[in-house]
Amino acid sequence: MTPLSPYELDDLQQAMMERMEDALLPAISMANRTGELAELLRLLDMGDLLGEDGYADLRPRKVIVLGDSMVKERKLRSIAKGHGVDAADLEFALGYDELKHFDFAKLRNSLSYRAVLVGPMPHSTPGKRNASSAVAEMQAHPEIYPLVVEVQDSNGLKITNNSFAKALDALTTMA
């Protein structure tokens, strides 16, 4: 075989990394759930990622809040802080138009997010696969998505001061 050009080599490397990521993320997620994460890291010669006691606290910390909100992000951060959630662990996508283009596939097999707090959003969004909505997709496959907590009041999905506080309380009891 003739040697590849630098551009071809770069394309090959990119394709290999994508395949490795697609194969490795579900394996890491499964090993974490089955208690075999330490062994997997040792097999991958990444045992140095473990703490001194042989375990790494690699649990995801981030919470992403998705939905059209009645409340400004600054106020939601304040409410979260009052519930013991570090502002650095929060991400927001609050606009209806922003959510039309939010790729929910990035949450699949995520090692970054521990939960998704969902409010009202468009049904047709990227990454929903064959489900009726991204929320339905995530709820149907809890083994590959972070915990889903609906932010709702008595009328359904709605992000208000009270519904957000209640969702954070629910998250605390679930996680």
Side-chain angles (χ1 to χ4, degrees), residues 21-22 24-38 40-41 44 46 48-122 125-128 133-153 157-175:
E21 186 175 292
D22 288 346
L24 200 52
L25 286 178
I28 292 170
S29 184
M30 180 60 77
N32 187 44
R33 282 193 298 273
T34 60
E36 298 170 347
L37 184 58
L40 177 62
L41 289 172
L44 294 171
M46 295 181 189
D48 61 310
L49 296 175
L50 299 174
E52 289 181 18
D53 59 358
Y55 294 97
D57 187 3
L58 300 175
R59 291 174 293 187
R61 298 179 45 90
K62 289 191 176 214
V63 175
I64 188 165
V65 183
L66 305 172
D68 194 31
S69 178
M70 307 292 292
V71 184
K72 300 281 186 208
E73 181 178 326
R74 186 176 73 241
K75 178 64 176 171
L76 294 175
R77 285 186 183 279
S78 174
I79 293 168
K81 183 179 178 185
H83 281 76
V85 178
D86 187 351
D89 294 334
L90 289 172
E91 286 185 23
F92 293 89
L94 298 176
Y96 194 84
D97 288 335
E98 181 180 355
L99 291 164
K100 285 182 187 176
H101 307 289
F102 184 87
D103 188 2
F104 286 84
K106 84 175 200 172
L107 300 174
R108 192 176 310 124
N109 291 312
S110 172
L111 300 176
S112 300
Y113 300 101
R114 71 178 171 121
V116 182
L117 302 185
V118 296
M121 66 182 68
T125 56
K128 71 176 182 125
S133 70
V135 175
E137 165 68 15
M138 290 186 292
Q139 290 173 327
H141 301 285
E143 71 282 1
I144 60 173
Y145 288 100
L147 175 68
V148 176
V149 178
E150 293 181 348
V151 183
Q152 57 187 346
D153 66 5
L157 293 178
K158 190 173 188 180
I159 301 176
T160 64
N161 292 342
N162 289 335
S163 66
F164 186 66
K166 287 178 185 175
L168 290 172
D169 290 340
L171 176 61
T172 303
T173 60
M174 293 175 178

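Heavy-atom basis, side chains included; hydrogens, waters and symmetry copies ignored.
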- Query: So, T172 side chain and L168 main chain: donor-acceptor pair closer than 3.5 Å or not?
  - Reply: yes

For [X], check side-chain contact (heavy atoms from CB on, under 4.5 Å) against everything at least two apart and list the hits.
X: E150; answer: V118, V135, Q139, Q152, L157
X: L107; answer: I64, L66, F102, F104, Y113, V116, M138, Y145, P146
X: S69; answer: V71, L76, L94, I159

Pairwise distance [atom1]([X]) to [atom2]([Y]) - rounded to 0.5 angstrom:
X: R108; Y: H141; atom1: CZ; atom2: NE2; result: 9.0 Å
X: S110; Y: K62; atom1: OG; atom2: NZ; result: 9.5 Å
X: M70; Y: N162; atom1: CE; atom2: CG; result: 12.5 Å

- Query: Excluding sequence neighbours, so at least two apart, what forms salt bridge (charged side-chain N to carboxylate O under 4.0 Å, His left out) with K100?
  - Reply: D97

- Task: Sequence neighbours left out, what passes salt bridge (charged side-chain N to carboxylate O under 4.0 Å, His left out) with E98? Give chain and number order.
- Result: none

Please report the closest heavy-atom contact between [X] and [Y], naming both atoms and the distance.
X: P120; Y: L99; result: O-CD1, 4.2 Å
X: S163; Y: D153; result: CB-N, 4.2 Å
X: R114; Y: R61; result: NE-O, 3.3 Å

Taking distance alone, no hydrogens or angles, what donor-acceptor pairs closer than 3.5 Å link side-chain atoms of residues 79-87 to residues at least two apart or in another chain?
residue : atom : partner : partner atom : Å
H83     : ND1  : I79     : O            : 3.0
H83     : NE2  : D169    : OD1          : 3.1
D86     : OD1  : A88     : N            : 3.1

